Structures are given as C-alpha cells and as structure tokens.
Trainee: 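Here it is, the structure, as structure tokens.
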Amino acid sequence: MHTDVNTLFAAMWQDYIKMTPSAAKIHQLLGKGAPIINDHIALRTFNIAKVNLSVLAKHFTSIGYVDCGDYKFEQKKLVAKHFEHPDPTQPKVFISELLVEEFSPELQQTINGFIDQVDESALVADNFIYSGRHWQLDKATYQALLAESEYAAWVAAIGYRANHFTVSINDLPDFERIEDVNQALKDAGFVLNASGGEIKGTPEVLLEQSSTMADKVVVSFTDGDAEIPSCFYEFARRYPMENGKLYTGFVAASADKIFESTNVMM
C-alpha cells in the first residue's frame, strides 16, 4: 500500500485524466494555471467481501484517513462512507458499494463471477484503487447489467479507479459562486448533469455541488471495442457550520443525483 498521500493522489489523477480528458481542460479553465484543490474523490465497488468498501478503505486508512460518515441510497441500493485525513488540505474520500444481494440472481451471479477473477495479490497492491478492470466482460453482459443498475455496469466496465475528482470552489482564485463556475463550464461547451437541477444542495445544507456528464471513452470488451461513459468532474462549494469551520460531510440527497453523472445519455 502507498505510504504517501500525495503520491497516491498524483497516480490516481494521472489514471483519471486518461479516462476523463475533459478534466485536464477544465483544470486549465478554472485554475488558470494555479493549482486546483481537490475537495474529494469517489470510488465504487460491490459489497462482496473480497472487494467491499472496507477493502478499498484500507488503502486510505493505512495512510491516516479516518471514517467520518455513513450514507444510504435506498433507490440505487447502495451504501457509502466518507473518510477524512488529519491534514484538512488532503482530499476527502467517498467510497460506495452496491448491495448486490438486492438485485436479480442473474446480476448476482455475473458480479460474483467477475470478483472470482480478481487476484488476491492485486487487492493489496499499491495501485489497486486505480488499476481498472480485473475480469473479462462482453458487450451483452454490460447491456444486461445496464438494464438493471447503471452503477453495476459502470464498475463492471471501468473497474477500480476514481469515478470523479472534485474541484473545491472555495479555493478557486477567480470564482466564488457555483453558478459562475457552471456558467463558465457551459460557455466552454461542457455538458452539466441536470438531474435534480444543475446545482445539487443549498447553502442551508452547507454544501452545493454540480458536475459534468461523464466523458465517453472507448473500452475494450471481449467481443470488440465500444464507447461508453467513463468518469466525470465534480464541483463543490462548502459553507461554514455554526462553529465557523467549513462543513466536511456529504448530503445523501445531492450525492444520489451526482451518481447519475455516469448515466448513458440517450
């Protein structure tokens, strides 16, 4: 496992921009050359013991991260946790897992078949959380998963890597309001996730979020290549709590809509 937070996130960022070429362009657009502070990253997995949330979390708890909150998404059949580092300038980590047993026997069998193909040694390798897919997948299986759970299909095709990075609007030099960030993105031709409105959350819940719709990338299936949604870029503006410190948690109702950034746009 990595011993250094910065090395880990630098490696994850390089993997992420390969899957999300728009993120590098947005980085330039919003940062104008200045460093961009990453509010949080998100990872997706299945609640199967071998690869569950706690297995992914070890890659972060081993370098000082601590569990700071639990979330449940009834409709999407997911649970999640978020983790924070003692150094508040380090990104927060949001890890979710699909409750596989709440789906059809076919989906359960498919997912278990994938996880059986994951080498035990890969799980503890430094690069596991940006190592991609560890199993064979054909297009028909991807489509069958997609019909039941967009989340399951995404993990099946894209594998283990950051589902998104997040720009901390609070730390941007030239933007204060999330509305202005969204407008700058739209003016530059980026498509925003409009599910539940472009802005998820309010100052009252201490967090406002928006995100691009996922980039499309060509992914290799056993029966040829196909272009599918990969990863997206999120933008978060946090507000101070009564004690004056910025809120560091997440809002489940908003996160629920952010998940839809990887939906296939028809």
Side-chain angles (χ1 to χ4, degrees), residues 1-2 8-9 11-20 41-62 73 76-81 83 93-164 214-232 259 261-264:
M1 303 230 177
H2 276 277
L8 173 60
F9 280 101
M12 290 186 82
W13 172 257
Q14 290 307 317
D15 174 74
Y16 166 75
I17 55 175
K18 278 196 204 98
M19 301 298 290
T20 326
I41 61 135
L43 294 163
R44 297 179 173 188
T45 192
F46 303 110
N47 71 334
I48 295 168
K50 190 173 173 184
V51 294
N52 67 11
L53 196 161
S54 62
V55 171
L56 270 61
K58 281 185 191 135
H59 287 268
F60 299 96
T61 54
S62 66
F73 302 93
K76 292 188 172 62
K77 303 175 183 173
L78 301 168
V79 293
K81 285 180 178 286
F83 300 82
V93 174
F94 185 91
I95 307 176
S96 55
E97 62 181 4
L98 192 72
L99 306 175
V100 176
E101 70 282 359
E102 295 190 14
F103 290 87
S104 71
E106 292 78 14
L107 181 140
Q108 294 182 49
Q109 191 180 353
T110 299
I111 300 302
N112 278 293
F114 292 155
I115 303 313
D116 287 345
Q117 295 172 55
V118 181
D119 193 309
E120 292 283 352
S121 64
L123 301 167
V124 292
D126 278 359
N127 71 340
F128 179 65
I129 45 180
Y130 52 95
S131 62
R133 196 167 84 209
H134 291 255
W135 45 78
Q136 298 293 312
L137 174 67
D138 61 55
K139 292 176 192 171
T141 305
Y142 173 73
Q143 291 298 337
L145 291 171
L146 197 57
E148 228 183 304
S149 163
E150 182 280 325
Y151 183 108
W154 188 92
V155 181
I158 305 293
Y160 290 99
R161 48 170 45 102
N163 169 260
H164 62 270
D215 277 15
K216 291 276 181 56
V217 295
V218 174
V219 169
S220 293
F221 293 91
T222 51
D223 50 349
D225 295 350
E227 193 179 58
I228 62 165
S230 60
C231 312
F232 60 93
F259 276 116
S261 302
T262 51
N263 282 7
V264 177

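Model, not experiment: these values are computed from the prediction.
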Trainee: Within this structure, what is the CD1-CG distance for the pair I111 and L145, rounded to the nearest 0.5 Å?
Mentor: 5.0 Å
Trainee: So, taking the atom named CG in L99 and the one named NZ in K76, what distance separates them when rounded to the nearest 0.5 Å?
Mentor: 13.0 Å
Trainee: Any heavy-atom pair between the side chains of F46 and I115 that's under 4.5 Å?
Mentor: yes
Trainee: Kindly write out the residues that satisfy side-chain hydrogen bond (donor to acceptor under 3.5 Å, both in side chains) with S149, not counting sequence neighbours, or none if the list is empty.
Mentor: none
Trainee: Taking the side chain as every heavy atom from C-beta outward, state whether I129 and M12 have any pair of such atoms under 4.5 Å apart.
Mentor: yes
Trainee: Is there side-chain contact between F9 and V93, with at least one heavy-atom pair below 4.5 Å?
Mentor: yes
Trainee: Could you check, using the six-membered ring where one of them is a Trp, whether W13 and Y16 have ring centers closer than 6.0 angstrom?
Mentor: yes
Trainee: Only counting residues at least two apart or in another chain, list the ones meeting salt bridge (charged side-chain N to carboxylate O under 4.0 Å, His left out) with D215.
Mentor: none
Trainee: Kindly say whether I158 contributes a backbone atom to a donor-acceptor pair with the side chain of R133 at under 3.5 angstrom?
Mentor: no
Trainee: Begin with the C-alpha distance, continue with both residues' side-chain angles, and end with the deciding distance and a verdict on side-chain contact (heavy atoms from CB on, under 4.5 Å) for E150 and T262.
Mentor: CA-CA 8 Å; E150 182 280 325; T262 51; 2.7 Å; yes
Trainee: Would V118 and W135 satisfy side-chain contact (heavy atoms from CB on, under 4.5 Å), going step by step from the backbone distance to the final call?
Mentor: CA-CA 7 Å; V118 181; W135 45 78; 3.7 Å; yes
Trainee: So, using side-chain contact (heavy atoms from CB on, under 4.5 Å) as the criterion, who are the partners of A147 when residues are at least two apart?
Mentor: none
Trainee: Testing the basics here: between L56 and V51, what is the closest heavy-atom pair and its distance to 0.1 Å?
Mentor: CD1-O, 3.5 Å
Trainee: Under the side-chain hydrogen bond (donor to acceptor under 3.5 Å, both in side chains) test, which residues partner Q108, sequence neighbours left out?
Mentor: none
Trainee: Which pairs with one or both residues in residues 45-54 pass salt bridge (Lys or Arg N to Asp or Glu O under 4.0 Å), sequence neighbours excluded?
Mentor: none
Trainee: For the pair F60 and L43, evaluate side-chain contact (heavy atoms from CB on, under 4.5 Å) and give the outcome as yes or no after the intermediate values.
Mentor: CA-CA 12 Å; F60 299 96; L43 294 163; 3.5 Å; yes
Trainee: To the closest 0.5 Å, what do you measure between CG (N163) and CD1 (I95)?
Mentor: 12.0 Å
Trainee: For S230, what residues pass the side-chain hydrogen bond (donor to acceptor under 3.5 Å, both in side chains) criterion, not counting sequence neighbours?
Mentor: none
Trainee: Partners of T61 by side-chain hydrogen bond (donor to acceptor under 3.5 Å, both in side chains), sequence neighbours excluded?
Mentor: none
Trainee: Using side-chain heavy atoms (C-beta onward) and a distance below 4.5 Å, is S220 in contact with D225?
Mentor: yes
Trainee: Of all heavy-atom pairs between A156 and F114, which one has the smallest distance, and what is that distance?
Mentor: CB-CE1, 3.6 Å
Trainee: To the closest 0.5 Å, what do you measure between CG (D138) and OG1 (T222)?
Mentor: 4.5 Å
Trainee: Minimum heavy-atom separation for C231 and T20, please, with both atom names.
Mentor: CB-OG1, 3.1 Å
Trainee: Which residues pass the ring pair (Phe, Tyr, Trp, His ring centres under 6.0 Å) test with F73, not counting sequence neighbours?
Mentor: F259
Trainee: Are N263 and Y151 close enough that some pair of their side-chain heavy atoms sits under 4.5 Å apart?
Mentor: no
Trainee: What pairs with F232 under ring pair (Phe, Tyr, Trp, His ring centres under 6.0 Å), at least two apart in sequence or on another chain?
Mentor: H164
Trainee: For A144, is there any backbone N or O sitting under 3.5 Å from a side-chain donor or acceptor partner on E148?
Mentor: no
Trainee: Please identify each residue that fulfils ring pair (Phe, Tyr, Trp, His ring centres under 6.0 Å) with F83, with sequence neighbours left out.
Mentor: none
Trainee: Kindly compute the distance separating CZ (F94) from CG (L53), expressed to the nearest 0.5 Å.
Mentor: 9.0 Å
Trainee: Over all heavy atoms of both residues, which pair between H134 and A122 is shortest? Give the atoms and the distance, please.
Mentor: CE1-CB, 3.7 Å
Trainee: For F221 together with Y142, are the ring centres under 6.0 Å from each other?
Mentor: yes
Trainee: Does any part of the side chain of L98, heavy atoms only, come nearer than 4.5 Å to the side chain of T45, both counted from C-beta?
Mentor: no
Trainee: For residues R161 and F128, determine if any side-chain heavy atom of one lies less than 4.5 Å from a side-chain heavy atom of the other.
Mentor: no
Trainee: Which atom names give the shortest non-hydrogen contact between L107 and A152, and what distance separates them?
Mentor: CD1-CB, 4.0 Å
Trainee: Please check if the number of heavy atoms outside Q136 that lie under 6.0 Å from its CD is greater than 12.
Mentor: no
Trainee: Within the structure provided, determine whether I48 and N112 are in side-chain contact (heavy-atom separation under 4.5 Å).
Mentor: yes
Trainee: Quick one: do the H59 and S62 side chains pair a donor with an acceptor below 3.5 Å?
Mentor: no
Trainee: Has Q109 got more than 12 heavy atoms of other residues, nucleotides or ligands less than 6.0 Å from its CD?
Mentor: no
Trainee: Please enumerate all residues that pass salt bridge (charged side-chain N to carboxylate O under 4.0 Å, His left out) together with K77, with sequence neighbours excluded.
Mentor: none
Trainee: Please check this pair: side chain of T110 against backbone of E106, looking for a donor-acceptor N/O pair closer than 3.5 Å.
Mentor: yes
Trainee: Could you work out, with side-chain contact (heavy atoms from CB on, under 4.5 Å) as the rule, every residue matching N52, not counting sequence neighbours?
Mentor: S54, V55, E97
